[in-house]
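Report on the following structure.
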Amino acid sequence: MLTACIIDYNVGNLFSMKNALKKIGLKVEISSDPKTIMESNAVILPGVGNFGPASNNLAHLKDTIIDYVKHNRPLLGSCLGMQLLLNESEEGNGEGLKLIEGKVKKFGSNVKIPHMGWNNIIIENNNDILDGLNEKSYFYFVHSYYPVIKNSTQIVACTCHGIKFPSIVSKQNVYGCQFHPEKSGEDGLKILKNFARMAKK
Amino acid sequence: MLTKRIIPCLDVKNGRVVKGTQFVNLRDAGDPVELGKRYSEEGADELVFLDITASNENRKTIFKVVKNVAKELDIPFTVGGGISGIEDVRKILLNGADKTSLNTAAVNNPEIITEISKKFGTQCVVIAIDAKRNYTLDENKLLIKTKEGLCWFEVYIMGGKVPTGIDALKWAEKVSRIGAGELLVTSIDRDGTKKGYDIELMKAIIDRVNIPVIASGGAGEPKHFLEAFAEANVDAALAASVFHYENYPIKVIKHYLKENGVNIRI
């Protein structure tokens with residue numbers, strides 16, 4: 001049985017992520033132990049909350065995560081977890097993991113903040129993470145800040161809320177989604193299944 | 001584009017789903033775990049669970065029920081009712097909820113809104129406003145011209161039992177400034193009546209805040225949902241009995257809305 005580790009760094013609710021990963025047949029551990037992270041077939045960086053404190057909480061695990069990624073196993077950051085894959089954020093001080101070149105900005109006052117609810121995607125670059133999904137697939141978003149990605153080839157899909165922003169990103173074995181796949185019904189479970197398949201490759 | 005949301009609500013008393021009219025005359029409507037699962041499968045965009053258990057003794061069992069419902073869901077889950085402090089919020093989130101809804105506790109101590117939003121994020125702070133029309137004119141209130149005459153909207157607490165003298169529109173503005181991530185606005189006048197949402201109340205709220213607003217109270221048929229979205233431009237519409245007794249399954253309502261030009265997730 002493939003093992004997935006949800007990184008526990010004290011940001012929000014990991015219950016639903018664990019529940020969803022179990023549903024798709026993974027053995028799930030919630031852990032902040034470097035050894036457990038390194039030995040997992042797939043790693044999820046979840047996250048709800050504020051970039052600054054989260055970056056701080058994650059600091060002691062940064063080297064482990066970067067090392068894990070070097071071993072060519074899949075990492076998925078979701079919501080704040082995706083934002084932490086980038087360099088920096090307007091939301092707070094602290095550094096991201098810099099696994100994907102980019103930064104995080106706040107939505108303008110022309111739209112409701114937070115961007116909360118179900119929204120669809122516009123596909124920019126085809127990727128295996130999108131298997132079985134299309135532009136009519138809907139995902140659940142809750143966020144006030146959005147990612148800006150430097151290299152457009154790393155943008156898998158975008159979503160519109162006042163502006164068009166990257167909602168799925170990928171650089172080799174590193175994936176990020178701004179929405180919550182574990183809260184996005186069947187379409188969300190497909191993202192997690194596709195991600196879990198990367199662990200087998 | 002962001003879709004409008006359809007949200008079934010489970011009012012739970014002593015572990016069972018109940019539904020009343022204008023907050024009284026409760027009758028049994030089923031098991032919360034079964035109903036939650038069914039709604040999630042039928043295409044609900046979110047689920048709200050309000051604990052209306054009266055006694056503290058029985059309230060302790062609620063965390064277990066929340067956990068059992070959460071296990072069946074792969075959509076967002078809001079839990080409210082009887083939350084008195086940040087410790088209750090923490091427990092509810094740990095048992096699988098994504099958001100908590102507060103009414104009485106927020107009115108009694110507005111600072112709790114800021115406290116929770118700082119600790120867990122604004123996205124998990126839903127402020128529930130139970131409002132009732134008051135036709136006794138008072139120049140200190142925001143008076144709204146309605147079809148039934150000039151009135152203001154008064155905030156009620158303790159499950160719709162206790163009037164507070166607080167202006168619901170001013171209260172909405174205030175909470176959205178101090179950390180609320182979303183408003184759940186229930187019209188006490190319309191609750192359980194199946195006469196449709198109080199569109200004038202919803203419009204007045206929407207005009208004053210820049211956070212998502214969920215309309216509640218009065219949905220009885222598909223056109224009521226359409227009115228809430230098309231006329232008041234609310235972000236989500238919540239209903240209970242219309243779904244519980246299978247008058248209109250969620251899919252039927254969603255298809256009706258889509259055919260009428262509302263952006264909806266099918």
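Letters A, B, ... are given to chains in the order of the sequence lines, protein chains preceding strands, and every chain is numbered from 1.
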Winner by heavy-atom pair count (cut-off under 4.5 Å) against chain A, out of P76(B), G43(B), G121(B): P76(B)
NZ (K27(A)) with more than 12 external heavy atoms under 6.0 Å: no
Separation between CG of L14(A) and CG of L94(B), rounded to the nearest 0.5 Å: 9.0 Å
Part of N263(B) within contact of chain A (heavy atom distance under 4.5 Å): side chain
Chain B contact via S16(A) - side chain, backbone, both or neither, heavy atoms under 4.5 Å: side chain
Distance in Å, D98(B) CG paired with E182(A) CD, rounded so as to fall on 0.5 Å steps: 7.5 Å
Structural part of L189(A) lying under 4.5 Å from a heavy atom of chain B: side chain
Top of T3(B), D74(B), L73(B), V209(B) for chain A proximity - count of heavy-atom pairs under 4.5 angstrom: D74(B)
Over 12 non-hydrogen atoms of neighbours within 6.0 angstrom of NZ in K170(B): yes
Atom CG of N10(A): over 12 foreign heavy atoms under 6.0 Å: no
Taking every non-hydrogen atom, the tightest pair across N210(B) and V111(A): ND2-O, 3.4 Å
Proximal component of E41(B), with respect to chain A [non-hydrogen, under 4.5 Å]: neither
Reported NZ-to-CD1 distance for the pair K112(A) and I211(B), which is rounded to 0.5 angstrom: 8.5 Å
Residue part contacting chain A, namely of A97(B), when any heavy atom lies under 4.5 Å: backbone
Greater than 12 external heavy atoms within 6.0 Å of D33(A)'s CG: yes
Separation between OH of Y138(A) and CD1 of I266(B), rounded to the nearest 0.5 Å: 9.0 Å
Greater than 12 external heavy atoms within 6.0 Å of K62(A)'s NZ: yes
Side chain / backbone / both / neither for T159(A) at chain B, heavy atoms under 4.5 Å: neither
Atom CD of E90(A) with >12 non-hydrogen neighbours under 6.0 angstrom: yes
Toward chain A, the part of K4(B) with a non-hydrogen atom under 4.5 Å: neither
Rounded distance (nearest 0.5 Å) linking atom OH of Y140(A) with atom CZ of R265(B): 11.0 Å
Within 6.0 angstrom of N134(A) CG, more than 12 heavy atoms from elsewhere: yes
K99(B) and M116(A), any side-chain heavy atoms less than 4.5 Å apart: yes
Under 4.5 Å from any heavy atom of chain B - which part of N19(A): side chain
Residues, nucleotides or ligands: over 12 heavy atoms within 6.0 Å of E29(A) CD: no
Interface residue of largest heavy-atom contact number with chain B, from E186(A), K18(A), K23(A), H143(A), under 4.5 Å: K23(A)
Atom pair CD1 (I75(B)) and CH2 (W118(A)), whose distance is rounded to the nearest 0.5 Å: 7.0 Å
Pick from G49(A), P114(A), G185(A), P181(A) with the largest number of heavy-atom pairs that fall under 4.5 Å of chain B: G185(A)
